[in-house]
Amino acid sequence: MAAEITVNEPRWETLDPAALLEASLAAVKEETDDPGLARIVSALFTSDSDVQALNAEWREKDKPTNVLSFPAEPIPGLPEDIQPLGDIALAFETCAREAEDKGVPLKDHATHLIVHGVLHLLGYDHVLEDEAEAMEALEIMILARLGIANPYEGGS
């Protein structure tokens, strides 16, 4: 598994984004054993304004959100095992506000959002209720491997 990290918002540095991403990817791989995780994941640790611009351009929603996932299109001629998996982008201010509102450490919430974003890259979704339940259950198991409490308990 390979990862590329870009940090555009310096406040992320206090959480060691490389370590967060590495731990998250390792836990997802252990829990899912998905071969897609051998491929490259790119992560952008940035600001609300940057994520808002991405959200407006790609999803036609002109507002920030906590995490965005962009599955990669296959690159013709590149072997399957080294095709990029996709990109995720995390917005610092939204993540920090949500963590404070939930009363959880920012590191734990950011890890949850990385796991959530990577699962989207692997094809998981939460549009339908049964999909949402399956994805949440998997997130809970992955986060438990990392010593992080169930983020869906208590209505949060």
Side-chain angles (χ1 to χ4, degrees), residues 1-29 31-32 34-78 80-102 104-129 131-132 134-136 138-140 142-143 146 148 151-152 156:
M1 128 190 32
E4 294 178 356
I5 297 173
T6 302
V7 180
N8 285 353
E9 168 52 63
R11 291 176 286 180
W12 279 114
E13 293 291 355
T14 62
L15 298 178
D16 191 359
L20 281 180
L21 183 61
E22 183 179 322
S24 299
L25 290 173
V28 171
K29 185 168 177 44
E31 198 61 51
T32 67
D34 193 301
L37 284 167
R39 298 161 44 195
I40 296 172
V41 173
S42 296
L44 173 63
F45 291 85
T46 193
S47 65
D48 272 14
S49 61
D50 287 346
V51 168
Q52 181 171 347
L54 290 168
N55 206 16
E57 180 177 351
W58 295 100
R59 298 180 65 226
E60 298 180 357
K61 295 182 180 186
D62 192 14
K63 62 181 183 176
T65 188
N66 50 22
V67 64
L68 291 172
S69 298
F70 301 98
E73 293 292 325
I75 299 171
L78 198 60
E80 175 68 26
D81 61 333
I82 58 173
Q83 290 281 345
L85 185 59
D87 309 315
I88 61 173
L90 286 91
F92 184 83
E93 298 91 337
T94 296
C95 292
R97 185 176 54 257
E98 289 174 350
E100 185 175 332
D101 290 349
K102 293 173 183 259
V104 299
L106 177 55
K107 180 179 179 182
D108 290 358
H109 187 54
T111 301
H112 173 215
L113 295 174
I114 292 167
V115 167
H116 184 87
V118 170
L119 288 176
H120 276 305
L121 296 180
L122 292 171
Y124 291 87
D125 210 341
H126 47 80
V127 175
L128 302 175
E129 188 174 337
E131 292 174 335
M135 188 170 177
E136 288 176 9
L138 186 54
E139 288 174 13
I140 291 164
I142 292 165
L143 293 170
L146 296 168
I148 297 173
Y152 298 105
S156 54

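Model, not experiment: these values are computed from the prediction.
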What's the verdict on side-chain contact (heavy atoms from CB on, under 4.5 Å) for His120 and Asp125, showing C-alpha distance, side-chain angles and the deciding distance? CA-CA 6 Å; His120 276 305; Asp125 210 341; 3.5 Å; yes
I'd like to know whether CD of Glu129 has more than 12 heavy-atom contacts from other residues, nucleotides or ligands below 6.0 angstrom.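 No, not enclosed.
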Establish, from distance only, whether the side-chain atoms of Tyr152 and Glu139 form a donor-acceptor pair under 3.5 Å.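 Result is yes, a qualifying pair exists.
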Could you tell me which non-hydrogen atom of [X] sits nearest to which non-hydrogen atom of [Y], and how far apart they are?
X      : Y      : value
Ala23  : Leu146 : O-CD2, 3.8 Å
Ser24  : Thr111 : OG-CG2, 3.4 Å
Ala72  : Pro84  : CB-O, 3.3 Å
Ala3   : Leu25  : CB-CD1, 4.0 Å
Leu21  : Ala43  : CD2-CB, 3.7 Å
His109 : Val104 : CB-CG2, 4.0 Å

Hey, does the side chain of [X] reach the backbone of [Y] with a donor-acceptor pair shorter than 3.5 angstrom?
X      : Y      : value
Glu131 : Leu128 : yes
Gln83  : Leu78  : yes
Asp62  : Ala56  : no
Asn55  : Pro64  : no

Decide side-chain contact (heavy atoms from CB on, under 4.5 Å) for Leu138 and Tyr124; before the verdict, give the C-alpha distance in whole Å, the side-chain angles of both, and the deciding distance to 0.1 Å. CA-CA 10 Å; Leu138 186 54; Tyr124 291 87; 3.5 Å; yes
Which one of Leu143, Ile140, Ile148 satisfies the side chain to side chain contact (heavy atoms under 4.5 Å, CB included) criterion with Val115?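 Among the candidates, only Leu143 passes.
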Passing candidate, side chain to side chain contact (heavy atoms under 4.5 Å, CB included) with Phe92, options Thr46, Val51, Leu106: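 In the set Thr46, Val51, Leu106, the residue that makes a side chain to side chain contact (heavy atoms under 4.5 Å, CB included) with Phe92 is Leu106.
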Audit row: Leu90, Trp12, side-chain contact (heavy atoms from CB on, under 4.5 Å) steps and yes/no: CA-CA 10 Å; Leu90 286 91; Trp12 279 114; 3.7 Å; yes
Quick one: are [X] and [Y] in side-chain contact, heavy atoms under 4.5 Å?
X     : Y      : result
Glu9  : Asp50  : no
Val28 : Leu119 : yes
Asp48 : Arg97  : yes

Anything under 30° is parallel, anything over 60° is perpendicular, the rest tilted; go ahead and classify His126 against His116.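 Geometry flag for His116 against His126: tilted rings.
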Spacing of CD belonging to Gln52 relative to CG belonging to Leu68, to within rounding of 0.5 Å: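 The distance works out to 11.0 Å.
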Rounded distance [0.5 Å steps], CG in Leu54 versus CZ in Phe70: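 Separation between the atoms: 5.0 Å.
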Enumerate the side-chain hydrogen bond (donor to acceptor under 3.5 Å, both in side chains) contacts for residues 65-78, please, sequence neighbours excluded, ordered by first and then second residue.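 Every side-chain hydrogen bond (donor to acceptor under 3.5 Å, both in side chains) pair that includes a residue of residues 65-78, provided the two are not neighbours, is Asn66-Glu98.
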